Structure formats: structure tokens, C-alpha cells
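First the structure, in the form of C-alpha cells, and then the observations on it.
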Amino acid sequence: MTRVVVTVMPREGVLDPQGQAVQISLDRLGFGHVDNLRIGKRIELDIPGDDPEGQARTMCEALLANPLIEDFTIAVDG
Amino acid sequence: MTRVVVTVMPREGVLDPQGQAVQISLDRLGFGHVDNLRIGKRIELDIPGDDPEGQARTMCEALLANPLIEDFTIAVDG
Amino acid sequence: MSVAVVRFPGSLDHDSAARAVVAAGGTATFAWQDDAELPPGTDAVLIPGGFSYGDHLRPGAIASRAPIMDAVRRHAGAGGRVLGICNGFQVLCEAGLLPGALRPNATLSFVCRQVQLDVADGSTILTRGMGATMSVPIKNHDGAWYGDPAAARVVFRYRGENPLGSTDAVAGVANARGNVVGLMPHPEEAVDPLLGSTDGLPLFRALASRA
Amino acid sequence: MSDLPLHRQLGLTDSENELIPRLIGRDPSPAELMMFSLMWSEHCSYKHSKPVLRRFPTSGERVLQGPGENAGAVDVGGGLAVALKVESHNHPSAVEPFEGAATGVGGIVRDILAVGAKPVALLNSLRFGELSSARSRHLFARAVKGIGTYGNCIGVPTVGGEIMFDDRYEDSCLVNAMCVGVVGHGDMLSCAARTPGNPLVLIGNRTGRDGIGGASILASAELGDDDADKRPSVQVGDPFTERKLIDCCLELAAEGLFVAFQDLGAAGLTSAASEMAAKGGRGLDIDLDLVPLREEGMPAPEILVSESQERMLAEVLPADVQRVREICTRWQLDATVIGHVTDTGHFVARHRGEVVADIPAAALTDDAPVYGVEPQSQALPAPIDLASVPAPEDLRAAWVSMLRRPNLGSARWVYQQYDHLVGANTIVRPGGDAAVVRLPGRHDAIAVTTDCRPRHCEVDPRAGGKATAFEAARNLACTGARPIAASDCLNFANPEKGPTAWRLVEVVEGLSLALEALGVPVVSGNVSLYNESPARAIYPTPVVGMVGRIDNAGKAVRIGFRNDGDLVLLLGDGVPRLDASEYLGRAEGRPPEPDADEEVALIDLLIRAAEAGLLESAHDVSDGGIALAVTESAITGGRGCQVTLPSGRRADEDLFGEGGARVLVSCRPSALPGLLEMAGMVNAAPIGLVTGDEVRVTVAGETLALGLDEARDAYEAAIPGALA
Ligand SMILES: Nc1ncnc2c1ncn2[C@@H]1O[C@H](COP(=O)(O)OP(=O)(O)O)[C@@H](O)[C@H]1O
Ligand SMILES: [Mg+2]
């Protein structure tokens, strides 16, 4: 069983309204110097068997990420 | 300017309906062996000045995470 | 009695909430998120529904950090009445004025439908005078209250079923003192026979009354 | 990169390419060529449909704004106007259903906002392949989610729409959205630029690389293919910004700060600016360096045609710029002066000190070549031979299975995901024939609906067009509303093919004939052509959005039975037929041609009866026939009934046949004499009464009974069951 972390972020150039709203809010809370804030998803999961990374890639392509607007990266623990 | 990554995950013991739903969908797509799937947020941002990690912690406490239901971790790049 | 209806960018139900206050015999004024003080003469505060800040990050999270919320906190601290509806409930929980948090609905989808509520605690200054049950609509995406029901003062529960998957079928809670109440369903959509129910009126009467 | 010449890659024909230098007196720059290619696309120029659209009746006593502006508007009395428009977002929804459908909602709302109106209701008309297809399930579920997510967040109630699944939409799904708004007569805004020297303010989201189609071809020639590949061409919606835009713009409009106002839709700034200029007979000078960008270094062509959402362009007085900025800042929106109105008639765009485009605005908006379509008429099919349709062995089982069909069963799964109440004015909620929304602060209300009868349009386009318009009007009348205005979206296959062209012309003729009979003008609309793949072409799908008016919101009639002991009547003279019906499930045969006199008389009767308070319920008999109508009235009202159906040729046709003007109503026994007298020439046949907790239907001597619970279970399971 391998713990795998999939990160799904909005693609470069794609609007990230959530990141934008949070940055506005941080600004109002006195963190105006913060920049380039982007928000994506972190998905942690256990994958048994061989090639957990390859399996995770297949899952990303099938479901976890939308290639039109999101990029994903996969990290395998340990 | 430091690139900081804040990870906000549902707290252990707090229901993660989104994670559950994704796991069910994966199951249907033939990834039934996947387990313990949890979904959280990944927030990337640039923080200038000293102690970016401390600043990020303050932002988490002020806004980015809700301690009742979420845990956060901070990673500083480079 | 003057009820201050607090607006944030993305508030949606401020007009209907204000109309409900008027229908209950009160007067309504609007307060803006950036105001440092509630409007002069404010007797009670109403935080209406909507998608403040687009529900980004967590519903109610960003709005709960707006300047006006300090004034709301002072008002509540002094025993003043505060009612939060839907997004307003989320804001009050995020602001720490009510216990618990609102999580995504168990269906993971937005749910808009009529529900029946049990009034679980009719002894707060806001819920007294209500009937034992009420028919009101819910309409939200993140309405599953999560918390410790034993440690909270539960004022409304879903009757018959738990449509959103909240802890213990909780639909609304109050603070210990009973002067701050939040609920996910929309009583402002139930103040006019033409809308199918008037069960929401007593809540606005209590909010707008001096007694 | 393809070897085709640039204009071909951009979708311009050779003759269009030759026309451009003649219009502007020189060869266009690549950026200008791209602007022409987008503005002369079917979507922006209506080059294949313009002549056809001229057929629509567009005038009437109530019309304040006919086609030509961002939305049409009609008078509803008391100094108030209702603005309406339907628009398609078919292709973007097929590519990315969530964002495509969401941005479709955003776009139509901004069209309403552009005429100064406050959006008060949304509807949508959806068509997908059968739910047995995994792709269609995905497209459908995600499109619904997109519509809900966007509409819910902007606080405009989504009160109605329609859904149909058919294999013919498997390759080309249809997502049409309709928005209705209200505006005071004197507060209506136009997009026509007015006074040279006035600044132009861009309000809302920053400009990024969204929805850049043609531009990426250009840009990729400069930057290399790898970069082009990274460019998202999908627009991403930002409903939070849209909500701020609505609040902010209505506030700006209330202070009278707009001289002219326009949304940025297809072809972005290019289209918005050239339309403002051409409409006002003015020019616009825009400095692209001033446009706030999401990413640095966007080339001029991309800025010119980016379809980034949630942006509006306003002409304001120089002295008002400060005030406009103040209000926008409070709403956390960018407001940037990006140019000014001129008297040259040209749309001039500058970038980094150079003029990148200098085109007579009218060349972009009005001078696109118009292509007459070449209709090739088709023989109308014969009515089906009933003997060729196997009669069901078990009528009751057939009835239950009809309730369970996604095309007939409850749409609750869909509308429960939409906030249909926000604003506290929704008097009649989704699930009936039309929704009723009270006008803000008043006692009167509007009823709204969208309708289409694609299979009928396929087999007999003129009759199908009529049936579509009459059905919309009948749906409104069932609530007691008098139809006052229509908008339409003509979704068709490739009009360059003769049979499709014929269907387009015939459908528009049928729609027009019906709308003329009803006295309902078309005040706005949209056209979506080329909805076909090598394997399949869609049915002709002319979606009609219609608005009606009710004097007293409290008198609105619903579809559900209300009291035990009420009498059930069938109003109207329509004869049910299985041709092209949902029961048949195919576009075959030839349904009876709608009779305009009968339709209008029935509609008029319904309105008068509702006004007189004679009706307890009213429900249009449509898809699924009277079996569906009677079951829906029973389920919705939570009351059973006993009815005996008029006998025709065969029991299944009596139960499930469609066509013609028929409405199922119920009334108190004491109201019967009044109703019969009022009916006059309209056939009003008492067929039973409201009673018990089952639906009992006697047809051709056989009595079928279905318990309310069993009926409801089948009806409610139709869509969730097919998705599971
Ligand atoms: N099928 C139609 N029926 C009536 N009017 C139409 C139709 N199609 C387009 N129009 C009108 O033509 C004009 C241009 O439409 P469109 O380009 O879709 O406008 P916009 O760019 O504002 O979305 C609008 O006034 C629209 O109402
Ligand atoms: Mg427009």
C-alpha cells in the first residue's frame, strides 16, 4: 500500500476566482504584500500494488483532473 | 519573495464527503482497491520579507484554516 | 424596532430579509461590510443569506473577517439580538459567535426544497413565540452543521429526515445566552401566504420586537 | 501548423477574404483579419440566418425594444418593462460542460444587464443524448451542476426550463439559457455610442487568455506551437464577480452614470466595441495597453478577442469617471478607462504605440456577406399506420414505464440543484407548466417558460414550429398568464444543406404564424447552426422562451389537484395521435397540424377562467399525453382521481397520444356552470373527479389504477434512476 499525493492546480492562464477572492481578503486583513496566490486541490490516497504512480496518473486522466483547465502532479510517499 | 505552500486538510475524524464521493467514482471506474482518499486544499502564495513560514502560520490562523474541522501544514520552497 | 441587515459582496437575500422584517412590523436598515459601526439606532442585527465572497475558501469565512463583524460582536456581547440565515449562519459560526461549522451537504450538491422543522428550543428570546414546527425552504450547498450537539443550544432540527446530513439533524443553533441564532433554512421565504408558508414570521417578530 | 492560408485557418472563405480589402481600402493586418473572421462568423454575423429572421413578427403595442439590442423588452404596465433573451452555449458546453453551461448563464445575464435591467429569472433548455450513454450522462450532470453553481451564486432564481434526451443530440448537445429582467421604461440602456470625447470604461474581470479561438492560430504563428498548446480556450466562469458586477452596474445605472452600455460576449472587446460604434454611428479609439490583464505579455490580437467573462464596457461622461471608479472600488471591481468615443466611425486599437487595427466599425458588424439559404423542400411523411405500432399487452405497465422515462419523469433532480426561490418572489415553483415570478414590490407577476417540440419539427417543420409556439403560450395560460413576448434560439444542423435550410425556413414560418395568431412579438433571440457530426444531425430545435403577465399574483393557477370532490375536465378540441410522440419515441409519422383558432380560443379561455377564479388546477396535455398530465396533477397535488377518457382509435393512443390544444383542469363543482358557459365554442368535457389516493383511469372500457405512491416513485426515479 503506497500513500500517494495528487496535486491538482488551475492551469497557467486559467482564471482562479477562488485564489483571487482569498488574496483580496488577505489584503484586507493586512497581508497586502502577498502575491500570486493560487488555490488547488490536494488529494491523498492509498494505492496498493505495483506502479502506484502510473495508477495515479490514470486516475487523474480519468477523473481527478480536468486537463482543459487543470494541471496535476503526483508524489509518491516514502 | 518566498513561494510558500499551505496545505489544509479535513481533520481526522471529520467526515470528508467529497473524498468519499471521489472514492466511490474511482471504484466505479475500476479503481476499487484505492483507499483512505481525502481531499483538501493546496494554497500556493508568494510571501516577501522575513519569516515567511511564521507569516503563513498567522494567515492560517487568521483565515486560511478553520481549526474546528481542518488541519494545516506549511512548506517553504527552496 | 430597527434591524440592521448586514451586506457583503455576494450577499443575495438582503432585500427579502429586509422585507420580512418590515412584514413583521420592524424597520430595516442596511449595514455594509466595511462599516465600523452598526447604523445608529440599531436594535437587532440580521445577517442574510447568499454567497458572500463566492463561498470561496469556506462559506462565510472571508465575510466573517470583515470590519462590520467587530461591531456585530460588540452588539451580541451586550446581549443584542443577532439572527443569521443560511450564509449568515455560516458567517456567525466562522466568526465564533455560534458553535460548530457548516460542511458540504452529504449529497455534495446544492439542495433547494421545502422542509419541515421542529423547534427544539422555544425558550430563546428569538425563538419564543414560534409554533412547534415550521415549513420553510432550504437552499444551500454547504449546510451540514458539524459540531457537538451536547455543547450547543440546538434550536431547530429537521423533522422526519436529515436532508443535508448535519450532525444530529441540526438545522439551527443559538449561543448559550440565546440572543444569537443561526439557521440554514430560509424563514424570509416563508412570511407571505403567496409563498406557501408564513411560518417564518414569528422569528422576524421576535427579532424586531422590544420585549 | 497547417499549410492553409491564414484566412482559411481562421475560417474565412476566399471570397470573404477578397471582400475585406475592398471594405477597408487596403490589405488587413493579421490582427484585423482575425477580427473580421470572428465578427463574420455565423455566431456574430448571422450570415446564414439573417434573411430568415426577418420573417418573425417583432412589433406590437407593448414592444419597447425589439431585436437589435442586447435584449428585447416589453411593457408590463406601471412604467415597468420586462427584458428577455434566450441564448445558446452549445459548443462550449460540449467541450467543458460545467464551465460551458455556467458561462452560458453568465453571458445571458450580462445581456439583460446591458439594457439596464435587473435580472429576476433564469431558465434553461437542455438536450442531450440518451442517458444510457456514459458521455451524455457526464455532459448532462456537469451542465446542470454548472448552471446551478453559477445561477445560485449570482442570486437570480432559476425557475424553469426543459430537458430532453434523444440519440440525435449525442454528438451535439444543446444548452440554451434564458434570462428575464425588469427595468423602468426611462431607465433602459442602449449600446449605441453617443458623444465623441466621452471616455470608455471597462468594468469587471481582468482580461486573460480565455476562449481564444482564432487568436491562438495567429499567436501560435508568432510564438511557436508549444505555447499555443498551453493556451486554454475554455472560458472559466466567476459567478462571485458576476454578482458584484450586477450589484455595481445596477447602482451605476441608478445614478444615471451610463451614456451607453454593452457586455463583452463572443469575440470580446472586438465585438463589444464595434457594435457600440456601429450602432451609434460613431468611432471608438481603444488603447490596449490600458486593458488590465491577468497575465503580462498578451499580444494585441489576444486582448482584442479574449472571451474572458464578467466584463462590461461603458461610455460615461468625463466628469463621471471619478464617481464610476468609486462605486466600482467599493464592489472590488476594476474600472479602467481604456479609450474614448470618436466621430470617425472607425474602431481603432492601439498597442505599444502602434495602431494594430483601424477598421470602419460597420464593416465588422453590418457588412458581413449574407448568404441566402437554399431550401430543398422535403415531402411530408404520411401519418403512421397504427397497425404498425404494437399495442402493449399490459397498459398499466406501459403507463408506469412512461412515468419512468427521463423525458417524461420528474425534473426534480435538476431543479432541486437550482435556487429557484431567491428573491422571495417565486409564486409558482418549477415542476409545473410555467413558473410565476412576482414583479418586485408589486401585486402582478410574470409567468415564464421555454418550450420546443423537436420531433414534430423534424417530421413537419412548419406544423412543429406552430406547435412549439402554441405550447409555450398554453403553458403560460395554464397559470392564468397572458403571453406578451417571446425570445427564441434557433438550434439547427448545417444550413448549407438544402433539407436543413428548408426546415429552418419552415420552422420560422410556423413559429411566426402561431405568434401572429397569438399576438406575441419576438423581441430577441439567438441562432446556433452547424449542430451536426458526420454521424448525426440534431432535430430542428427552435427553443421558444415566452413571458406572460398575470394581473394578480394571488390568482396564479398550479398543476396539482387541490380538493377532493373537485371535477376534472378536459378542455380543447385536440385529437391525440401517436405520430412523433414520446410514446412512439421516434420522429416518425405526422402529428395533426395545430389549429390556430382552437389554440387561441383555449388560451383565452384559460386566462379568463383563472382571472374569474374558476380553476383549481390546470395542466397542459403534452409529452406523454393525458396519462402523464393526469398523473402529474395527482402526484403534485397529493390527491387521486377517477377519470374516463374519451375513446378514439386505440387505448394506448387515448392514453399517450399527443397533439392539439388540450388542457386538463379541475374546478369546484359549484364553478362548473360558470366554466361551461365561459367555454363557449371550446370543448369542455367533464371526465371525472378528484378523489382517493390512486389515479383511476378508464379507457376503452378498461379501468387502470395506480396508487399515488407507486406513481410518485416511478416518476421521481426517472432521472436519478437513469444516472445511477
Ligand atoms: N432567432 C432570433 N430571433 C430574434 N432575434 C434574434 C434572433 N437571433 C438573434 N436575434 C437578435 O439579433 C441581435 C444580435 O444577437 P447576438 O449577436 O446574439 O447578441 P449579443 O451579442 O448581444 O449576444 C440581438 O438583438 C438578438 O436579439
Ligand atoms: Mg450582448
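A, B, ... follow the sequence lines: proteins, then strands. Residue 1 opens every chain. Worth saying up front: this structure is predicted, and the values here are computed from it rather than measured.
Counting only residues at least two apart or on different chains, the salt bridge (Lys or Arg N to Asp or Glu O under 4.0 Å) pairs with a member in residues 27-37 of chain A are A/Arg28-C/Asp34.
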Derivation and outcome, side chain to side chain contact (heavy atoms under 4.5 Å, CB included), residues A/Arg42 and B/Arg38: CA-CA 8 Å; A/Arg42 177 186 165 100; B/Arg38 292 182 81 71; over 6 Å; no
Trace of the side chain to side chain contact (heavy atoms under 4.5 Å, CB included) decision for B/Leu63 with A/Phe31: CA-CA 11 Å; B/Leu63 176 71; A/Phe31 303 97; over 6 Å; no
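Interface residue A/Leu29: only side-chain heavy atoms are found under 4.5 Å from chain B.
Interface remark: of the candidates B/Val34, B/Thr58, B/Ile47, B/Val34 forms the most heavy-atom pairs closer than 4.5 Å to chain A. Taking A/Gln55, A/Met9, A/Glu44 one by one and counting their heavy-atom pairs under 4.5 Å with chain B, the maximum is reached by A/Glu44. Most heavy-atom pairs under 4.5 Å with chain A: of the set B/Pro48, B/Gly30, B/Pro52, this distinction falls to B/Pro48.
Residues B/Asn36 and A/Arg3 approach most closely at O-NH1, 2.9 Å, considering heavy atoms.
Proximity to chain B among residues 15-23 of chain A is limited to A/Val22, judged by heavy-atom separations below 4.5 angstrom.
Just one residue in the list A/Ile43, A/Val6, A/Asp46 forms a side chain to side chain contact (heavy atoms under 4.5 Å, CB included) with B/Leu37, and that residue is A/Ile43.
Heavy atoms of other residues, nucleotides or ligands lying less than 6.0 angstrom from NZ of B/Lys41 number more than 12.
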